[in-house]
2 protein chains.
Amino acid sequence: MNKDLLVKIYEEMERLNYRPNPAARALVNHKTGIIQVVIYNKLSAKDIYFICLMSSVIEYLSKNNYSIIVKHGYDKFSNCDGMIIMGLSQGDDIAMFKKIDIPTVLFGKTEQNVDYVDINNSQGMYLATNYLIQNKYKNIAFVTIDDNEPFCKERLNGYFKALKYNKIPIKKEKVFLTNNSIEGGQSIFNKILECAPDAIVCSTDLIALGIIEGAKRKDINIPKDLAVIGFD
Amino acid sequence: MNKDLLVKIYEEMERLNYRPNPAARALVNHKTGIIQVVIYNKLSAKDIYFICLMSSVIEYLSKNNYSIIVKHGYDKFSNCDGMIIMGLSQGDDIAMFKKIDIPTVLFGKTEQNVDYVDINNSQGMYLATNYLIQNKYKNIAFVTIDDNEPFCKERLNGYFKALKYNKIPIKKEKVFLTNNSIEGGQSIFNKILECAPDAIVCSTDLIALGIIEGAKRKDINIPKDLAVIGFD
DNA sequence: CTGAAAGCGCTTACAG
DNA sequence: CTGAAAGCGCTTACAG
């Protein structure tokens with residue numbers, strides 16, 4: 001086909017405001033150009049951590065000419081070229097995803113045999129704890145989520161690892177459990193104070209925010225009187 | 001069709017893991033079940049304001065069995081049942097949306113004749129400013145975005161309205177312009193100090209964060225030495 | 001190289 | 001009431 005004709009065709013497309021129908025294309029190509037992000041159970045679309053993840057996913061897929069569909073609840077998923085599952089927890093039924101022939105990646109490790117991506121939870125907490133130790137903090141408490149998720153265990157392990165590495169005795173009384181929210185951090189704060197820490201390592205940023213809020217209310221100055229570090 | 005048969009059919013659907021193909025459905029129904037959110041020009045998918053909006057939109061549409069597709073750049077839009085355009089600014093070409101037969105709503109007022117939703121910018125700033133006045137602040141500065149967008153004008157008007165209402169003389173020297181970012185707030189802070197305000201009304205939350213940061217660096221205590229209020 | 005035909009997986013109007 | 005056929009808007013293999 002010669003170029004002049006091609007140009008004319010494009011001009012006419014423009015004039016008629018023609019746009020190919022993606023549904024028709026998807027039907028014949030068996031390819032939708034859509035990646036589906038499924039927000040599972042516990043995760044809220046308002047969770048800041050999720051939101052940050054999402055915006056990066058959107059930005060990346062958009063650049064690569066993929067559309068991204070966001071849904072709550074995996075049972076609602078429909079055909080697409082791939083799925084990213086977020087907010088899945090240990091007890092959830094994953095069998096579903098194995099049945100489907102849609103490529104699926106979980107965000108966050110589970111103990112089941114499914115593809116996933118995750119951050120290095122253990123290393124993150126190791127670095128945070130070790131940093132405090134290097135800066136001469138002696139009595140470092142750890143607050144984490146009262147949950148059996150792999151990432152919680154790993155983060156706790158990172159804390160332990162740093163203590164061991166620096167030959168500091170591990171004391172279970174310095175490990176505190178709460179729920180993953182600002183309120184969670186705040187409500188556990190007074191209890192943590194009982195072990196008179198000079199630093200608190202928080203398993204999540206939300207908990208750290210709660211701890212900071214708790215300190216404010218007690219007129220404890222951060223970082224002068226108490227060091228707080230969070231991670232996510 | 002009798003119920004037993006219906007149940008059998010559903011069971012078989014389950015067993016075969018059958019799911020209707022939405023592309024085929026869309027093709028015949030002329031309805032995609034998809035609302036497209038288009039992120040325009042200046043807006044980043046990382047902007048916290050946008051992100052909060054987005055998560056509410058997702059939550060709402062998800063409940064109503066709509067899928068939401070997020071894209072950057074309006075030229076990429078494809079067929080869908082409706083579009084929400086975010087981050088459009090004054091100079092942008094809107095003609096496009098009028099040509100298309102897809103129902104479209106802009107987020108944020110423009111001076112062109114298109115459907116939009118927006119918050120009451122003027123009233124918001126009026127309330128913020130008036131609140132400070134009611135609380136005995138005398139010398140209230142205003143920082144806003146160095147931009148010609150309608151929402152900027154409206155917010156400035158709200159500030160003026162509150163002053164007028166309280167019979168406080170309007171002084172242009174107390175209005176400052178910067179760009180909409182934490183850095184923007186921070187960089188204008190010292191200049192604002194020159195008019196010795198006891199309170200600063202910020203046209204956006206990002207600017208307010210910058211102002212607070214600037215105050216911190218000068219060891220100015222908020223809210224003891226200086227009141228800061230933001231809005232978005 | 002060009003153009004008509006078949007087919008993607010559905011829904012709905014229509015014939016039997 | 002049931003079942004076959006047409007058609008949604010594309011792409012691609014195929015006939016000419």
Side-chain angles (χ1 to χ4, degrees), chain A residues 1-38 61-62 64-84 96-104, chain B residues 1-38 61-62 64-84 96-104:
Chain A
M1 193 187 288
N2 70 60
K3 286 202 169 177
D4 287 354
L5 182 51
L6 211 59
V7 168
K8 268 190 190 170
I9 290 173
Y10 277 115
E11 280 171 2
E12 201 61 4
M13 279 170 61
E14 188 66 25
R15 201 179 64 77
L16 296 170
N17 210 23
Y18 167 83
R19 289 172 187 271
N21 181 326
R25 275 193 167 163
L27 193 54
V28 54
N29 289 334
H30 300 280
K31 186 173 177 316
T32 59
I34 292 171
I35 302 291
Q36 205 161 146
V37 174
V38 181
L61 288 180
S62 210
N64 290 275
N65 279 316
Y66 267 88
S67 295
I68 170 172
I69 279 190
V70 185
K71 289 215 174 168
H72 284 271
Y74 83 107
D75 50 309
K76 283 190 194 165
F77 82 94
S78 50
N79 269 11
C80 58
D81 298 348
M83 292 206 293
I84 300 170
M96 194 64 203
F97 304 125
K98 296 188 182 174
K99 264 200 253 171
I100 305 160
D101 53 350
I102 300 173
T104 299
Chain B
M1 194 187 289
N2 70 59
K3 285 203 170 178
D4 286 356
L5 181 52
L6 211 60
V7 168
K8 267 190 190 170
I9 289 173
Y10 276 115
E11 280 172 1
E12 202 61 3
M13 279 170 63
E14 188 65 27
R15 200 179 64 76
L16 295 170
N17 211 23
Y18 167 82
R19 290 175 186 269
N21 181 325
R25 275 192 166 163
L27 192 55
V28 54
N29 289 334
H30 300 280
K31 185 174 179 316
T32 59
I34 292 171
I35 302 290
Q36 208 162 145
V37 174
V38 181
L61 288 181
S62 209
N64 290 275
N65 279 317
Y66 267 89
S67 294
I68 170 173
I69 279 191
V70 184
K71 288 215 175 169
H72 284 270
Y74 84 108
D75 50 311
K76 284 190 193 163
F77 82 93
S78 50
N79 270 12
C80 57
D81 298 348
M83 294 206 292
I84 300 169
M96 193 66 203
F97 304 126
K98 297 189 181 172
K99 264 201 253 170
I100 304 160
D101 51 350
I102 300 172
T104 299

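Quick note on labels: first sequence line is chain A, next is B, and so on, each numbered from 1.
Among the nucleotides D/dT11, C/dT12, C/dC10, the one closest to any side-chain atom of B/N29 is C/dT12. Listed nucleotides C/dC10, D/dC10, C/dG9 differ in distance to B/R25; the shortest reach to its side chain belongs to C/dC10. In the set C/dG9, D/dC10, C/dT11, the nucleotide with an atom closest to the side chain of A/H30 is C/dG9. Side-chain proximity of A/A24 to C/dC10, C/dC8, D/dG9: nearest is D/dG9.
Nucleotide D/dA13 forms a pair with no other nucleotide shown, judged by Watson-Crick or G-U wobble geometry with both contacts under 3.5 Å. Under the Watson-Crick or G-U wobble criterion, with both distances below 3.5 Å, D/dA4 is left unpaired in every strand shown.
In this structure the side chain of B/V38 never reaches within 4.5 angstrom of the side chain of B/I84, judged on heavy atoms. Contact of the A/I68 side chain with the A/V37 side chain is registered, since non-hydrogen atoms from C-beta on lie closer than 4.5 Å.
The two residues A/Y66 and A/I34 come nearest to each other via the heavy atoms CD2-N, 4.0 Å. The two residues B/G33 and B/D81 have their closest heavy-atom pair at N-OD2, 2.7 Å.
Separating the CG atom of B/L27 from the C1' atom of D/dA6 is a distance of 13 Å, rounded to the nearest angstrom. Remark: C1' of C/dT2 and CG of A/L6 are 16 Å apart, rounded to the nearest angstrom. Distance, B/M13 CE to C/dG9 P: 16 Å, rounded to whole Å. Here D/dG7 presents its C1' atom at 20 Å from NZ of B/K31, a figure rounded to the nearest Å. Atom CG of B/N21 is separated from atom P of D/dC10 by 16 Å (rounded to the nearest Å).
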